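Quick caveat, the model's predicted, so the values are computed rather than measured. Counting starts at 1 for both ligands and their atoms, in listed order.
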Amino acid sequence: MSVSSIGYARIESTDLDAWQNFASEILGLMVIRNNHSQDLLRIRMDDHPFRFLVQAGENDRLLACGLDCGSQIQWQANIDVLADAGYSFKKSSAEETINRAVTELAVGQDPSGNTIELYYGRKLTKEPMISATNSQFITRDASSTDLGFGHAVLPTTETEKTLSFFRDLLHMPVCDDLTPPMPEGAPPARVIFMHAENPRQHSLALFNHPNPAGVIHLMVEVSSLDEVGSALDRVKNAGLPLMATLGRHVNDNMCSFYVVAPGGIAIEYGFDGLLVDWDNYTPTVSTIGDLWGHEYNVPS
Ligand SMILES: [Fe+2]
């Protein structure tokens with residue numbers, strides 16, 4: 001495998017104050033907003049300097065996913081393999097590298113136009129992570145392997161090419177290929193789940209439709225069911241829209257709900273995600289996404 005984890009996501013927001021409040025007071029993440037960078041939120045969940053980087057802008061959308069390649073050698077190998085296949089990943093300036101708190105960075109796009117940032121050598125912080133809601137986020141397993149921030153589901157217009165990009169070029173194996181039941185008249189959906197070189201059941205998934213937000217959802221995981229329930233209470237008290245009610249997924253066993261963040265990006269907030277021993281795992285082909293719950297209310 002050539003990708004260690006999904007390390008971070010970058011987001012553009014038309015209302016940074018609303019995102020700050022949402023991240024801190026609803027999700028329980030730690031938000032850092034420096035005086036000298038009022039137009040930027042660094043959102044922490046652990047010892048990474050940020051897991052979400054939200055910048056002020058004219059749109060509400062996902063800007064990029066950061067994939068940790070684990071080492072300089074693997075990072076360069078990934079860039080070379082992608083270049084041979086016709087994908088240009090441009091090495092970034094020192095300023096961008098410092099902004100992401102990584103050693104080296106290269107940026108390009110997958111065949112569906114999703115921006116991917118390949119990096120290695122994240123610089124961690126010793127500053128404590130303080131949650132206003134006492135939430136604890138799961139980003140490492142028992143042996144301290146980085147599980148990434150959670151997972152991202154990206155929209156595709158070129159599904160087969162995009163699948164090949166991640167599976168065949170970046171060597172992220174498919175762990176589940178889901179064709180969920182759809183309401184009558186809705187176009188057929190397919191969700192292809194892939195994992196990185198860590199035990200989290202999936203780190204990235206592709207959904208075979210475009211989305212103006214540039215993402216189907218981002219998932220974060222907390223350490224107890226009570227934290228999920230308390231977060232759901234906060235969502236309801238704040239009157240925020242749900243994209244899915246509480247439920248449990250089949251493939252990664254995640255017990256979660258989906259809340260719509262300011263601007264429209266869906267955030268899955270879950271507990272109990274499956275960690276997999278990949279030597280003893282057989283990829284699945286599924287027709288059901290949920291064991292129970294997850295009544296979806298997807299904005300058209
Ligand atoms: Fe998810």
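- Closest approach of Val235 to Leu242, counting heavy atoms only: CG1-CD2, 3.8 Å.
- Neighbours of the Fe ion (ligand 1) restricted to protein N, O or S atoms under 2.8 Å: the count is 3.
- Of all heavy-atom pairs between Thr133 and Ser24, the closest is CG2-O, 4.2 Å.
- Applying the 4.5 Å side-chain rule to ILVMFWY residues, one finds Tyr8, Phe50, Leu53, Val102, Leu105, Val107, Tyr119 in the same cluster as Leu40.
- Salt bridge Arg140/Asp146: absent, no basic N to carboxylate O contact under 4.0 Å.
- No more than 12 heavy-atom neighbours from other residues, nucleotides or ligands sit within 6.0 angstrom of CD on Gln136.
- Side-chain contact between Asn251 and Gln201 is present, with at least one heavy-atom pair separated by less than 4.5 Å.
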